[in-house]
Amino acid sequence: MVNKNTIDNIIALSSDLRWKIGDDFHDGLAEGIYADASEIANGSVSIDNEKKRFRLDTKIDKIVTSKTWGFPIMFMILGVILWLTIIGANYPSAMLANLLLDNMHPALKGLASSIGMPLWLDGFLIDGVYLAVAWVIAVMLPPMAIFFPMFTLLEDFGYLPRVAFNLDYMFKKSGAHGKQALTMSMGFGCNAAGVVATRIIDSPRERLIAIITNNFSLCNGRWPTQILIATIFIGAVVPASFSAIASLSAVIGIAILGIFFMFFTSWALTKTVLKGEVSTFNLELPPYRPPRFWKTVYTSLIDRTIIVLWRAILFAAPAGAVIWLISNIYIGNESIATLTINSLDGFGFLLGMNGVILLAYIVAIPANEIVIPTILMLTVMASGIPGGEGAGVMFELDSANATGDILKAGGWTLLTAVNLMLFSLLHNPCSTTIYTIYKETNSVKWTTVASVLPVIMGVVITFLVAQVWRLF
Amino acid sequence: MENKVSSACETCSHFNAEGLKKLGVNTKNFDFVVALAGNPNTGKSTVFNALTGLRQHTGNWPGKTVVRAEGAFEYNAQKFKLIDLPGTYSLLSTSQDEEVARNFILFGKPDVTVIVVDASRLERNLNLVLQILEITDKVVLCLNLMDEAKRSNIKIDVRTLARDLGIPVVPTSARFSEGIPDLIQTINEVATGKIICKPHQIKNVPENIENAVKTLSTEIKKQFPSIPNSRWIAFRLLEGDTQIIEALKTGELV
């Protein structure tokens, strides 16, 4: 142990000296460092001003951060990325569905019966676990494999800080930190990652706001839901030649609505429970760097796509089992699933949705990715549409049209679709994100707020939309 | 892994490719700890990946690394554990990510600290470098993004810079793996004591402050002869840094 006396002496000496210096210590030292830095740099750095490079970076920045073009360019880039994702994902999705659902599933069933596997085990493993996993892969892998590399390329290019720059004014208005633009962008990939990224925000108050509102960034688990439902329902109400544009606009509209809710909630929080001053910060606009294309594509496929897909599979497998179980365990004459759906139907109707969707959201708390497969399976089971292979089986659907037919037969309307899209935006974060929020805030209170607040907003918004919709 | 020769360095007799093994996340039983510090967005994570063979996610925006990442590599049968610290502009304020970086350099006592700087923005980056040089004397300056500096017609006299700072300076373009073999060699030499650094001390401090610092640091040195960075501790005590006072009390700094 250190001698306490000597320490106290040193501390006393330091306060004594500090008193003598006055309050310019910090500034004096900082100026000294800058002066040294400048001397050293002058001694070794020479810039050839004769050949001063055409400042391309500055030219690009003048356009992408300008008042007139900043926002349109932002939305255009988002639009192009989503467009490529939607269009490009269709074909591989159909191929995967064909392989995993149409061919592999019957083959596995045949194998199971040939080795004499008991029916309940065969149903539990192949119709429950396997089909859920196969579904998630077919639905999620293609859009992710397109979306993530494009997002990463944009990130490597250096566009994200420009987004932060453009949005800074709005963040300041809503009482939040400008760097929240960066954590929000990360949230578009994964909310858990977005929550971790809030560590770049120094002020605890503003960091908390960024954590609570990160869920309003549509994460990659929810993009496929939005895209699929928009393609089936929104795309179908306009002439065929406009359907792609219409569904694309609907998805972008939901994403922008999410940004709006993020600003609104940030603002509401700063006016109520999280009052305080907006802190200032320096944002460095890094030079644009042409991404190393193939390397970036490769790493984003390996690191982001595969990891996220693996997580989805881990959660989908038990969820598939749960779905199969609740559809096959009977209380009296009805299965648990049917009973729950019936009891939720009334509330679901008030929200412009139905019991199936609400039950699907409960089953899918671990991972947003499995919402659509769960809804389809429960719809088939609850409405008794022929084509399903029996209770709890996630049957084969190889096109968006077939999915649409099932949903329409299950009593879905345009309102159901719109409200599902809204609810997908506004509901609790997935369990991984909730756990991350707890780890980052260390507070049960704020974790609860961050988890429950979006659900309340979702219920209120879908209720209002349903009531207004039914008036007309 | 890639086998093709990507730079002239790799054909040179000084380049010891046989001696280098990228160990990824296997950080057990290391001989030396190496910290990677630097301003945000200077390519620390890219250097980290180039050294460890890991694929820590990189991106072109300041603040991307917020969690401390660890990896390892082996060079000439000696294992190096590498820590990628969050990027900071300075160590003088008290925000969370700066604290992570500062506490590691101060309390983690790495065997070598590699400071990654942006060659095209050297002067601004030196602010952090000069502060770190007050804390530790086992430092390698990694003059990264040389390709960008070249494109902006910026020339840097590496030897003058090394002499002025009193530490080895290695120019690199980590994105293209240029200069990495040289960097590894230099890290090794500083770690094993082959290169002894004589780091620059901040000079242009106003006289009254300089006198106070001298008085205090002499006193600290007298009481704790084993503390290597008494001058920097004097800076912090004069600033009233409670964390440092606490560390002094518990003996963490000795």
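Chain letters run A, B, ... following the sequence lines, proteins first, then strands; residues in each count from 1. Below, each value reflects all heavy atoms present in this structure, side chains not excepted, and no hydrogens, waters or symmetry copies.
Glu219(B) CD to Asn9(A) CG: the interatomic distance, rounded to the nearest 0.5 Å, is 7.0 Å. To the nearest 0.5 Å, the span separating NE2 on His26(A) from CD1 on Ile209(B) amounts to 11.0 Å. Distance check: Ile202(B) CD1 to Ile33(A) CD1 gives 4.0 Å after rounding to the nearest 0.5 Å. We find the CD1-CD1 distance between Ile10(A) and Ile245(B) to be 11.0 Å, quoted to the nearest 0.5 Å.
Closest of all the heavy-atom pairs between Glu239(B) and Arg18(A) is C-NE, 4.4 Å. Shortest non-hydrogen contact noted between Thr215(B) and Leu17(A) is CB-CD1, 4.4 Å. Residues Ile47(A) and Ser152(B) share a closest heavy-atom pair of CG2-O, 4.4 Å. Minimum heavy-atom separation, Gly28(A) to Pro206(B): O-CD, 3.6 Å. Residues Leu237(B) and Ser14(A) come closest through the heavy atom pair CB-CB, 3.9 Å.
Of the listed residues (Asn211(B), Leu145(B), Asn39(B)), the one with the most heavy-atom contacts under 4.5 Å to chain A is Leu145(B). Of the listed residues Ser15(A), Pro204(A), Pro290(A), the one with more heavy-atom pairs under 4.5 angstrom with chain B than any other is Pro290(A). Comparing Leu161(B), Asn208(B), Ile220(B) by heavy-atom pairs within less than 4.5 Å of chain A, the highest count is held by Leu161(B).
Qualifying side chain to side chain donor-acceptor pair (under 3.5 Å) partners for Asp36(A), counting only residues two or more places apart in sequence or in other chains: His200(B), Asn204(B). Every residue was checked against the side chain to side chain donor-acceptor pair (under 3.5 Å) condition with Arg175(B), not counting sequence neighbours, and none meets it. Residues that satisfy the ring pair (Phe, Tyr, Trp, His ring centres under 6.0 Å) test with Phe171(A), not counting sequence neighbours, are Phe263(A).
Gln131(B) is not listed as a side-chain neighbour of Leu29(A), based on a closest heavy-atom distance of 4.5 Å or more.
Contacts from residues 38-46 of chain A to chain B, taken as heavy-atom pairs separated by less than 4.5 Å, involve Ser38(A), Glu39(A), Ile40(A), Ala41(A), Gly43(A), Ser44(A), Val45(A), Ser46(A) in sequence order.
Contact annotation for Glu134(B): neither backbone nor side-chain heavy atoms come within less than 4.5 Å of a heavy atom of chain A. For chain A, the nearby parts of Glu123(B) are the backbone and the side chain; heavy atoms of each come within less than 4.5 Å.
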